[in-house]
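Step one of this worksheet: look at the structure below.
The shown structure was predicted, so the numbers you read here are calculated from the model rather than taken from an experiment. Letters A, B, ... are given to chains in the order of the sequence lines, protein chains preceding strands, and every chain is numbered from 1. All values below come from the heavy atoms of this structure, side chains included, with hydrogens, waters and symmetry mates left out.
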Amino acid sequence: MLDIKLIREKTDFVRERLATRNAGDEKKLDEILALDEQRRKILNEVEQLKATRNRVSKEIGALMGQKKTAEAEAKKTETRQIGDKISELDKQVAEAEQKLEAVLLQIPNLPNEKVKIGKTSEDNPEIRVWGQKANIEFKPKTHVELCEKLKLVDFARASKISGSGFLLYTNWGARLERALIQFLLDLHTTEHKYTEVSPPFMVNRDCMTGVGQFPKFADQYYGVQEGADTSTFGKLFLIPTAETPVANIHRDEILKEAQLPIYYCAYTPCFRGEAGAAGVGTRGMIRVHQFDKVELIKITKPENGYDELEKLLANAEKVLQLLGLHYRVVQLCTGDMGFASALTYDIEVWAPGQNQYLEVSSCSNCEDFQARRMALRYKNEAGENKFPHILNGSGTALARLFVALVETYQQEDGSVTIPAALQPYLKTDRITA
RNA sequence: GGAGGGGUGGCAGAGUGGUCUAUUGCGGCGGUCUUGAAAACCGCUGUGCGGGAAACCGCACCGGGGGUUCGAAUCCCUCCCCCUCCGCCA
């Protein structure tokens with residue numbers, strides 16, 4: 001959520017920044033300012049009336065105490081009309097506030113001024129490249145072929161169980177998935193000093209709104225229902241990412257400055273409707289309704305937000321370096337950035353069988369956008385309440401990492417070798433048919 | 001699912017319609033005293049919104065929402081959460 005005071009006082013700046021997203025949100029600013037103006041006008045009026053009423057009510061109390069009943073009754077009659085006027089104006093204020101909030105919740109974050117202005121992913125600047133494309137002497141198989149030959153994933157039975165877009169990992173596939181999760185959590189907790197948490201996989205509406213998934217993108221997520229009780233539908237949602245529960249851990253709290261920075265990492269499955277997304281109907285592991293991910297979350301002082309983002313990005317890159325997977329880092333241009341983010345880096349890993357880069361991590365600083373939505377603050381040394389920066393990054397997404405791994409390390413005989421860093425977890429150096 | 005008990009400030013814990021501004025204690029911050037500290041004593045203490053250059057003033061907030069009333073932490077309705085016990089259950 002953007003600061004209404006910022007919109008009020010630096011309207012042109014906000015308008016210009018929003019316009020860089022190329023989504024037309026800046027057109028809503030006039031409506032916001034009008035609603036804000038109206039709200040403040042009525043609020044002023046009603047608060048003065050309330051001050052009068054409070055004063056008179058106290059006087060009535062005093063008169064009653066002195067048994068001056070007649071005088072008290074006279075004052076009551078006099079005040080009764082004020083009450084009616086107050087309820088009327090209160091309704092108007094509430095209405096203006098609701099309208100204002102409804103619009104504000106739909107406005108995306110302002111891109112940081114460091115972000116390149118652009119329209120689509122084609123405008124994203126490449127930041128760096130690590131390693132090089134695997135030198136495969138034979139025609140590389142796709143992960144689908146490899147997974148079927150090695151019986152790592154049973155695609156057909158997964159769709160029998162849950163429909164398209166779901167995976168049934170089997171035998172070494174399941175063990176590889178589990179080994180990757182364990183490897184990632186160990187790396188981030190021991191080497192990078194994140195505190196591991198294991199959150200609920202279903203969250204309420206406030207969490208979805210807090211990180212920016214609601215209200216604008218409500219159609220992208222799975223709502224759940226308890227049994228046949230339709231009245232419970234839409235109270236809880238399957239998490240689309242661990243960011244949703246974990247970034248909300250301190251929602252509605254005022255932290256002490258000394259508590260910052262907070263580093264959390266969490267493994268969770270992620271559930272996504274992927275409504276309208278290409279590829280979810282086709283076989284494979286690139287775009288699915290459920291995948292595993294290890295997520296990194298930071299809550300930091302604003303002045304450290306961008307240094308911490310660089311470190312977080314490096315933590316995620318470390319995963320691919322240890323696994324020996326070629327990747328590149330791009331920065332998303334203003335037109336390609338997510339709703340809540342002020343600056344985002346994507347890490348894309350090379351998948352030889354796909355002959356393309358796959359996004360396995362997206363690392364963002366949302367600045368104070370989410371903190372405002374969830375009323376998360378910290379008290380600085382001067383005793384002022386400030387909004388912290390909230391950062392998130394995948395460290396990393398699993399299904400696509402799995403794809404890159406098996407496609408990169410495939411051998412001519414159809415087996416897949418396992419990089420040294422992962423061998424202690426999987427307890428083998430090669431998967432064969 | 002059933003029965004009962006609860007939700008008040010950083011924490012503990014009073015307050016069941018008004019006359020004082022939500023008792024009191026602990027903690028925290030500042031001060032007095034002291035070589036220093038402790039103790040003692042004194043003062044201060046939350047959040048949001050609006051107005052204001054500021055000092056400050058006003059409004060709201062006692063789990064959330066709504067209602068009754070001139071006036072609600074207190075009464076009524078409703079929802080949420082926590083605790084205890086019973087049932088079912090991994």
Side-chain angles (χ1 to χ4, degrees), chain A residues 1-9 32-102 104-105 198 200-210 224-237 245 248-259 368 371-388:
Chain A
M1 177 126 60
L2 299 183
D3 184 359
I4 184 67
K5 286 178 189 154
L6 183 73
I7 296 176
R8 214 185 276 154
E9 287 157 21
I32 289 172
L33 287 171
L35 286 167
D36 178 51
E37 181 69 35
Q38 191 192 354
R39 167 181 153 273
R40 284 187 296 152
K41 184 169 159 277
I42 307 168
L43 192 63
N44 230 305
E45 192 180 342
V46 75
E47 284 189 351
Q48 282 180 33
L49 287 175
K50 282 181 181 177
T52 305
R53 184 179 68 179
N54 287 346
R55 186 168 37 75
V56 176
S57 288
K58 243 173 239 169
E59 289 167 10
I60 292 172
L63 290 170
M64 301 282 277
Q66 297 160 32
K67 307 274 188 227
K68 295 180 180 167
T69 322
E71 279 180 58
E73 285 302 326
K75 276 194 189 287
K76 279 190 198 181
T77 318
E78 183 187 313
T79 321
R80 204 162 286 146
Q81 299 140 351
I82 299 184
D84 293 342
K85 186 71 183 165
I86 287 171
S87 339
E88 165 68 17
L89 292 175
D90 264 347
K91 278 197 187 94
Q92 290 180 27
V93 172
E95 201 180 320
E97 266 171 7
Q98 275 164 23
K99 277 187 194 164
L100 180 62
E101 183 176 85
L104 277 176
L105 284 173
S198 180
F201 298 166
M202 292 190 270
V203 296
N204 60 26
R205 236 164 232 287
D206 289 340
C207 289
M208 299 292 280
T209 307
V224 298
Q225 175 178 308
E226 278 182 59
D229 183 355
T230 53
S231 74
T232 62
F233 174 73
K235 291 194 171 171
L236 290 174
F237 301 83
N248 274 288
I249 287 175
H250 298 288
R251 173 154 53 91
D252 262 320
E253 292 182 19
I254 301 174
L255 303 170
K256 294 187 179 75
E257 185 166 5
Q259 288 177 265
D368 60 6
R372 283 180 193 283
R373 290 168 84 100
M374 63 178 77
L376 167 58
R377 291 146 293 168
Y378 72 96
K379 199 174 280 293
N380 69 12
E381 281 179 23
E384 303 161 320
N385 291 335
K386 310 282 278 188
F387 290 103

- Where the side chain of A/Arg373 meets the backbone of A/Thr209, is there a donor-acceptor pair that is under 3.5 Å apart? yes
- Query: In the structure shown, which nucleotide is the Watson-Crick or G-U wobble counterpart of B/C26, with both distances under 3.5 Å?
  - Reply: B/G10
- For B/G48 and B/C85, measure between their P atoms and round to the nearest Å. 40 Å
- Query: Quick one: is B/C70 close enough that its OP1 or OP2 comes under 4.0 Å of any side-chain N or O from A/Arg80?
  - Reply: yes
- Task: Determine the Euclidean distance between corresponding C1' atoms of B/G28 and B/G10; express it in Å to zero decimal places.
- Result: 8 Å
- Query: Starting at CD of A/Gln98 and ending at P of B/G65, how long is that distance when rounded to a whole Å?
  - Reply: 12 Å
- Message: Under a 3.5 Å cut-off for both contacts, is B/U21 paired Watson-Crick or G-U wobble with anything, and if yes, with which nucleotide?
- Response: none
- Which whole-number value in Å describes the distance from A/Lys68 NZ to B/U19 P? 17 Å
- Message: Looking at A/Cys207, is its backbone amide N or carbonyl O close enough to the side chain of A/Asn204 to form a donor-acceptor pair, meaning the two atoms are under 3.5 Å apart?
- Response: yes
- Query: Starting at CD of A/Glu73 and ending at C1' of B/U69, how long is that distance when rounded to a whole Å?
  - Reply: 12 Å
- Query: Paired with B/G71 by Watson-Crick or G-U wobble geometry, both distances under 3.5 Å: which nucleotide is it?
  - Reply: none
- Roughly how far apart, to the nearest Å, are B/C62 and B/G43 at atom P? 29 Å
- C1' gap between B/U68 and B/G17, integer Å: 12 Å
- Query: Using purine N1 to pyrimidine N3 plus N6-O4 or O6-N4 for Watson-Crick, or N1-O2 and O6-N3 for G-U wobble, both under 3.5 Å, which nucleotide pairs with B/G36?
  - Reply: none
- Query: Expressed in whole Å, how much space separates the C1' atoms belonging to B/G15 and B/U21?
  - Reply: 15 Å
- Task: Under a 3.5 Å limit for both distances, which nucleotide forms a Watson-Crick or G-U wobble pair with B/A90, could you say?
- Result: none
- Task: Return yes if some donor-acceptor pair links the side-chain N/O of A/Asn380 with the main-chain N/O of A/Glu384 below 3.5 Å, else return no.
- Result: yes
- Round to a whole Å and report the spacing from CG of A/Asp252 to C1' of B/C80. 14 Å
- Query: What distance, rounded to whole Å, do you find between the two C1' atoms, one in B/C82 and one in B/G63?
  - Reply: 10 Å
- Under 3.5 Å, is there a donor-acceptor pair linking the side chains of A/Asn385 and A/Lys379? yes
- Task: Taking the side chain as every heavy atom from C-beta outward, state whether A/Ile4 and A/Ile32 have any atom pair closer than 4.5 Å.
- Result: yes
- Message: When the C1' atoms of B/U74 and B/G67 are compared, how many Å lie between them, rounded to an integer?
- Response: 15 Å
- B/C76 and B/U69: how far apart are their P atoms, nearest whole angstrom? 16 Å
- Item | Identified pairing partner of B/C41, criterion: Watson-Crick or G-U wobble below 3.5 Å | B/G31
- Task: Have a look at A/Ser57 and say if it touches a base, only the backbone sugar-phosphate, or nothing, with a 4.0 Å heavy-atom cut-off.
- Result: base
- Just by modelled atom types, is the A/Gln48 backbone N or O under 3.5 Å from a matching donor or acceptor in the A/Arg53 side chain? no
- Could you tell me which non-hydrogen atom of A/Pro200 sits nearest to which non-hydrogen atom of A/Pro245, and how far apart they are? O-CG, 3.8 Å
- Can you check the A/Ile60 CD1 to B/U19 P distance for me, whole Å? 13 Å
- Round to a whole Å and report the spacing from NZ of A/Lys91 to P of B/G66. 11 Å
- Message: How many whole angstroms separate atom CG of A/Leu49 from atom C1' of B/A60?
- Response: 15 Å
- Heavy-atom protein contacts under 4.0 Å, nucleotides 43-59 of chain B, coded B base, S sugar-phosphate only, - none: ----SSSSS------BB
- Query: Between B/C79 and A/Lys235, is there an OP1 or OP2 to side-chain N/O distance shorter than 4.0 Å?
  - Reply: no
- In Watson-Crick or G-U wobble terms, with both distances under 3.5 Å, the base opposite B/G48 is B/C59
- Spacing between A/Lys58 atom NZ and B/A72 atom P, to the nearest angstrom: 12 Å
- Message: Could you report the tightest heavy-atom contact between A/Asn248 and A/Asp206, atom names first, then the distance?
- Response: OD1-O, 4.2 Å
- Side chain A/Thr232, main chain A/Gln225, donor-acceptor under 3.5 Å: no
- Task: Identify the nucleotide, in any strand shown, that forms a Watson-Crick or G-U wobble pair with B/C85, with both distances under 3.5 Å; if there is none, say none.
- Result: B/G2
